[in-house]
There are 2 protein chains.
Amino acid sequence: MDPHRLLVFREIARAGSIAGAARTLGWTQPAVSQHLRLLERRAGTALVLRRPRGVQLTEAGRILLEHAEAVATRLSAAADDLDALTHLREGTVRLAAFPSASATIVPAAMSLLGGRHPGVDVRLREAEPPEALKLLAAGEADLAVTFAHGGRELQEHPGSEEHPGMVRTPVGEDPVLLVLPRSHPQAGSADRPVDLRSLAAERWIAGCERCAASLRRACGEAGFVPDVRHGTDDYVVTQALIARGLGIGLLPRLALDAFTAPGVAVRAVPGLRPRTLYLVHPREADRIPAVRAAVQALRDTLIPAPGAP
Amino acid sequence: MDPHRLLVFREIARAGSIAGAARTLGWTQPAVSQHLRLLERRAGTALVLRRPRGVQLTEAGRILLEHAEAVATRLSAAADDLDALTHLREGTVRLAAFPSASATIVPAAMSLLGGRHPGVDVRLREAEPPEALKLLAAGEADLAVTFAHGGRELQEHPGSEEHPGMVRTPVGEDPVLLVLPRSHPQAGSADRPVDLRSLAAERWIAGCERCAASLRRACGEAGFVPDVRHGTDDYVVTQALIARGLGIGLLPRLALDAFTAPGVAVRAVPGLRPRTLYLVHPREADRIPAVRAAVQALRDTLIPAPGAP
DNA sequence: GGCGAGACCCAAGCGATACTTATGGCGTGG
DNA sequence: CCACGCCATAAGTATCGCTTGGGTCTCGCC
């Protein structure tokens with residue numbers, strides 16, 4: 001049952017004649033006639049009776065016409081659905097982002113995207129970079145916002161981040177700042193830069209594995225090994241510990257944008273390498289309009305930062 | 001939205017890979033790949049993401065797959081329906097037949113057909129030949145059982161029976177018999193043939209227009225003009241009048257097979273031309289299996305008359 | 001760690017399919 | 001009665017679609 005012939009048959013039935021169908025199709029009459037002939041041969045029964053003023057459907061023709069109409073309706077619906085997706089009247093983007101981004105730039109980008117394409121549905125799942133990459137690989141997310149410590153030239157060992165088939169584009173840097181208790185001797189005079197070497201005797205609070213590694217590397221370059229007393233991924237917990245004088249730590253600016261505890265002071269440390277922010281998605285995912293639009297919204301939020309709050 | 005490509009896409013989705021779809025289709029891999037590429041080009045969005053172990057559907061692909069499944073289901077249902085019609089598991093024949101046939105041979109043929117093909121639905125509409133031909137021409141009947149008076153060589157004027165595009169095949173002859181009251185002098189001695197000339201003084205009861213014309217022609221050849229007193233199409237009415245001695249008449253054997261009044265006698269008249277029975281249908285209607293089967297059942301009932309009651 | 005297997009893409013060639021052209025039959029209406 | 005509309009058939013041609021023979025990439029296996 002060749003569906004193309006079925007649609008030609010539908011035109012014959014609608015026009016009431018083979019020549020009429022040929023006109024609406026922009027074909028010649030024998031072309032339509034041959035389609036009908038082959039269709040009747042496969043069917044094993046006459047589908048129309050040739051009458052002087054055109055053709056008349058047989059019982060088989062009437063039944064076939066119902067199916068043809070149903071097929072045509074489905075094809076039209078499919079085209080409509082695809083059109084809605086390509087023109088962003090519909091669509092879904094499953095976004096995975098790490099916590100401090102999920103609290104700051106991602107909501108801003110989602111708002112921007114929602115204004116541009118109200119029909120596009122963005123679903124956020126908060127996930128640290130390694131987990132976000134797993135979600136991408138498993139097909140459970142379309143787009144991930146990740147970060148990596150160290151400057152752009154200092155990339156970590158391949159194999160962990162180098163998921164095959166994923167493209168990772170840097171979209172900005174997030175400076176790493178020193179967080180101290182307000183009562184700390186170096187908490188005042190925000191203009192004067194802090195030398196990391198002056199903090200060799202401090203007790204430290206580290207974050208996740210990769211953040212702790214970044215801390216150790218920075219301290220190592222400053223000539224000491226940090227005395228890490230506590231560890232937590234959560235930047236609210238980190239600041240609560242710092243505010244109580246239980247240690248000091250490094251936090252990226254995005255985390256501090258999301259939340260800064262009243263009892264802490266924030267200072268810049270020259271030479272401290274920022275973390276790099278990335279958008280990651282499967283290689284061909286940028287051919288999905290909704291993903292492309294989400295990428296654009298995130299870039300517009302991050303790169304020129306025209307109206308980000 | 002090319003439906004053929006849509007079905008290829010369904011195979012890709014089902015197999016989970018382009019190469020797998022190619023295997024089930026018996027094609028090479030690039031063939032399937034090209035179909036997918038064109039489909040994605042027309043769609044304006046990626047339908048699958050190429051992954052190491054095959055492909056993974058995007059949102060657009062998942063939606064398209066639903067439509068593809070629906071189309072495939074419809075196509076399969078269409079093929080099934082056509083198969084049922086061609087193999088006579090289903091089907092409808094709208095039959096038009098004149099009254100005396102409708103009471104005799106048509107029920108027998110319908111019974112025969114019902115035994116051969118229980119799924120075929122025959123719908124009988126009783127109609128005199130001119131009306132039956134109108135039903136055929138209007139497409140409201142598929143097959144007509146008609147008759148024409150006069151031997152096969154003596155056909156009436158064209159234009160009335162010569163409906164264009166209709167084929168008329170003779171399927172038997174129906175002798176015309178003389179019907180007398182039992183009290184009539186010539187009612188006895190059934191073996192002796194009756195000479196029409198001996199009935200010149202009788203009062204006659206005529207049937208329909210064409211039957212009356214047939215009567216007049218037969219009497220004219222016998223050398224007299226019949227004294228027609230009454231007229232009716234109904235062979236029961238005719239016999240009621242005859243039984244009461246109100247006239248005599250000619251009736252075909254089929255009518256007498258359907259009903260013979262107790263008060264009448266039936267005699268053969270040598271030289272009286274029988275009426276010819278015909279099956280009529282549109283030229284191509286014999287390419288409709290159900291019609292062909294109905295024609296065959298009617299012929300089997302009429303021609304060798306193996307088990308006709 | 002190099003290397004084959006599997007999956008995919010691209011470009012080019014060829015063959016089958018499908019549409020066109022040309023012609024004739026049939027029925028209807030001016 | 002002839003001209004027109006509708007349909008069928010046959011042959012030609014052009015397009016589409018599948019194959020062939022390259023290549024890249026990832027994974028898994030020695």
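Here is the naming used below: chain letters follow the sequence lines, and residue numbers restart at 1 for every chain. No experiment lies behind these values; they were computed from the predicted model shown.
Summarising the geometry, the separation between CG on B:Leu38 and P on C:dC10 is reported as 11 Å, rounded to the nearest angstrom. B:Ile12 places its CD1 atom 13 Å from the C1' atom of C:dC9, with the value rounded to the nearest Å. Separating the CG atom of A:Leu36 from the P atom of D:dC6 is a distance of 16 Å, rounded to the nearest angstrom.
In this structure, A:Leu135 and A:Arg125 approach most closely via the heavy-atom pair CD2-NH1, 3.7 Å. Minimum heavy-atom separation, B:Val93 to B:Val291: CG2-N, 3.9 Å.
Among C:dA18, D:dG17, C:dC8, the nucleotide with an atom closest to any side-chain atom of B:Ala19 is C:dC8.
Under 4.0 angstrom from either OP1 or OP2 of C:dT17 there lies no side-chain N or O belonging to A:Arg5. For the pair B:His35 and D:dC16, the criterion of a side-chain N or O lying under 4.0 Å from OP1 or OP2 is not met. Between B:His4 and D:dC16, a side-chain N or O to OP1/OP2 separation shorter than 4.0 Å is absent. Between C:dC9 and B:Ser33, a contact under 4.0 Å exists linking OP1 or OP2 to a side-chain N or O.
In this structure, the ring of B:Phe147 has its center less than 6.0 angstrom from the ring center of B:Phe98.
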- Query: What string of B, S and - do you get for nucleotides 20-30 of chain C 5' to 3' if you count protein non-hydrogen atoms under 4.0 Å?
  - Reply: BBB---SSSS-
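To the nearest 0.5 Å, the span separating CG on A:Leu95 from CG on A:Leu298 amounts to 6.0 Å. Between B:His149 atom NE2 and B:Asp174 atom CG the span is 9.0 Å, to the nearest 0.5 Å.
Comparing B:Arg23 and B:Arg37 by the nucleotide of DNA chain C that holds the closest heavy atom to each, the one mapping nearer the 5' end is B:Arg23.
A:Arg51 comes within 4.0 angstrom of no nucleic acid atom, judged by non-hydrogen atoms across all strands.
Taking the charged nitrogens against the carboxylate oxygens, A:Arg94 and A:Glu140 have no contact shorter than 4.0 Å, which rules out a salt bridge.
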